[in-house]
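Only one structure is covered here, and it is reproduced in the block below.
All residue numbers in this chain count up from 1 along the given sequence. Quick note: numbers below take in every heavy atom, side chains included, and nothing from hydrogens, waters or symmetry partners.
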Amino acid sequence: MATKGNDMTRDIIIGDLHGCWAEFEQLLDELHVTDADRLISVGDLVDRGPDSLRLWRYFRDRPNSVVVMGNHERKHVRGVLSPSQEIVRLQFGDEYETFRAWAAELPYVFETEHCVIVHGGFDPNLPLDQQREDVLSATTGGTKHLARTLGDRDWADLYRGSKPIVFGHRVVGDDVQRWGEHAWGIDTGACHGGYLTALVVPDFTVHRVRAHADHWSIERRTWERPLLEAQSWASFRFKKLARELGVLEKRRSTVSRDFAASLRAWLRALDAALPALIDRATARCRELEAQHDGKAFKHAAATEPYPGLLFSAHAGSLDPATAKTQLNTPEAIERALKAFGLPVPERYG
């Protein structure tokens, strides 16, 4: 689980980057970074900021670089995607699966001669080689484990290992937070308009640059509509669609409410197409009834593209509600309309 590094000219340990390329570039310029310097990210390289793809490519391709597994990388690896991960999935496009494979190989700990680097947590009751991955990466499960184990005590207050731990994840304010010589918290909230901080080892000097903007607020607004459009609304069952529409319509955002309105209009158009679909299915049922009696009709109807609709028509029970029970997603209705040669309403968007 831990990866040991060799001595280098300098180790430049960088707090949570979260896609903040401009601040990262400025920090490197101010530190006069050379190829001999080892760059170490405490994790959360991606998500929330505008340039996750560029940062990933840089760390992937630069020799003498290390990225520790953060809870955001772990979410991508495990396929647990909240909006910030969904944005990155869209930003990465065809490279997304390559990124996930790369992230799956990240170490949860990186140990140097002078310190131990983790993303967000450490169990002070266990040695380094027995640490839980969810604790080190500060996932929700790891945080709950520390709460059960330590109560309301902070692991950084309790840690007394032979080397200081340098970590991110926890936004500690505009400047680093120290727990004596035992722990350094260096996430100073770059993606939220704070600072991007680097700890340079072995001298343990702190360097930081002010964030150029509250990137996450901007990204949320910028990507709100693309995220909504990327959802597979047509594959949702109608009950789920109703719930999701209710959520969208209660949001303060006009973007969400406008999108919900376009979804509603599309669903109404599908409902309006159902009578024609029922007429076509009923007509086909009558054709089969004229050609076949009894079991022969059942066998013939069973070979049709939508036998359930034909059987309901045969029983005299085919109505819009029955059709939507059988065709329980919008795309199912679209396919049925196509199968019966009927026009398909234009989708939302």
Side-chain angles (χ1 to χ4, degrees), residues 11-28 31 38-60 65-77 82-85 87-88 91 99 102-103 106-110 115-122 133-140 142-143 155-156 164-179 183-201 206-220:
D11 279 334
I12 300 173
I13 308 169
I14 304 169
D16 299 38
L17 277 157
H18 279 302
C20 298
W21 171 266
E23 292 81 358
F24 173 66
E25 191 172 41
Q26 181 183 342
L27 189 60
L28 296 192
L31 286 168
R38 181 165 55 189
L39 296 181
I40 305 171
S41 163
V42 299
D44 283 6
L45 185 69
V46 299
D47 296 350
R48 295 181 176 168
D51 293 305
S52 293
L53 180 59
R54 191 171 185 182
L55 275 166
W56 167 60
R57 287 171 175 167
Y58 180 90
F59 275 88
R60 178 196 63 185
S65 299
V66 177
V67 179
V68 172
M69 177 75 80
N71 62 304
H72 279 253
E73 284 81 24
R74 185 173 160 105
K75 285 180 180 180
H76 286 287
V77 171
S82 62
S84 64
Q85 288 82 51
I87 290 170
V88 161
Q91 289 172 335
F99 160 72
W102 172 87
L106 295 178
Y108 283 80
V109 176
F110 190 76
C115 61
V116 173
I117 299 117
V118 304
H119 176 62
F122 199 90
E133 291 180 348
D134 59 355
V135 169
L136 296 169
S137 57
T139 67
T140 301
T143 301
W155 69 263
I165 291 180
V166 182
F167 68 99
H169 182 69
R170 182 194 313 182
V171 178
V172 293
D174 288 344
D175 207 347
V176 299
Q177 184 174 351
R178 289 180 61 181
W179 288 260
W184 295 71
I186 65 169
D187 180 8
T188 46
C191 70
H192 301 295
Y195 288 83
L196 179 64
T197 294
L199 182 66
V200 180
V201 176
V206 175
H207 301 263
R208 62 185 187 143
V209 298
R210 184 75 196 230
H212 300 177
D214 183 344
H215 295 295
W216 181 218
S217 293
I218 295 170
E219 288 295 286
R220 282 201 303 264

May I ask you to decide if the ring planes of Tyr58 and Phe24 are parallel, tilted or perpendicular, using 30° and 60° as cut-offs?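 Perpendicular.
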
Classify the angle between the aromatic ring planes of Trp179 and Phe167 as parallel (below 30°), tilted (30 to 60°) or perpendicular (above 60°). tilted

Nearest non-hydrogen partners of [X] and [Y], listed with the distance:
X	Y	result
Ala211	Ala190	CB-O, 3.2 Å
Asp134	Arg74	CB-NH2, 4.0 Å
Ile14	Ile186	C-CD1, 3.9 Å
Cys115	Val201	SG-CG2, 4.4 Å
Phe122	Val135	N-CG1, 3.6 Å
Trp216	Ile87	CZ3-CD1, 3.9 Å

Ring centres under 6.0 Å, that's the criterion: do His119 and His72 meet it? no

Check whether any side-chain N or O of [X] sits under 3.5 Å from a backbone N or O of [Y] as a donor-acceptor pair, and report yes or no.
X	Y	answer
Arg208	Asp174	yes
Gln91	Leu53	no
Gln85	Ser82	yes
Ser52	Asp47	yes

Would you say the side chains of Glu23 and His215 form a donor-acceptor pair under 3.5 Å? yes

Please determine if Arg170 and Asp187 form a salt bridge, counting it only when a charged side-chain N lies under 4.0 Å from a carboxylate O.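 So Arg170 does not pair with Asp187 through a salt bridge.
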
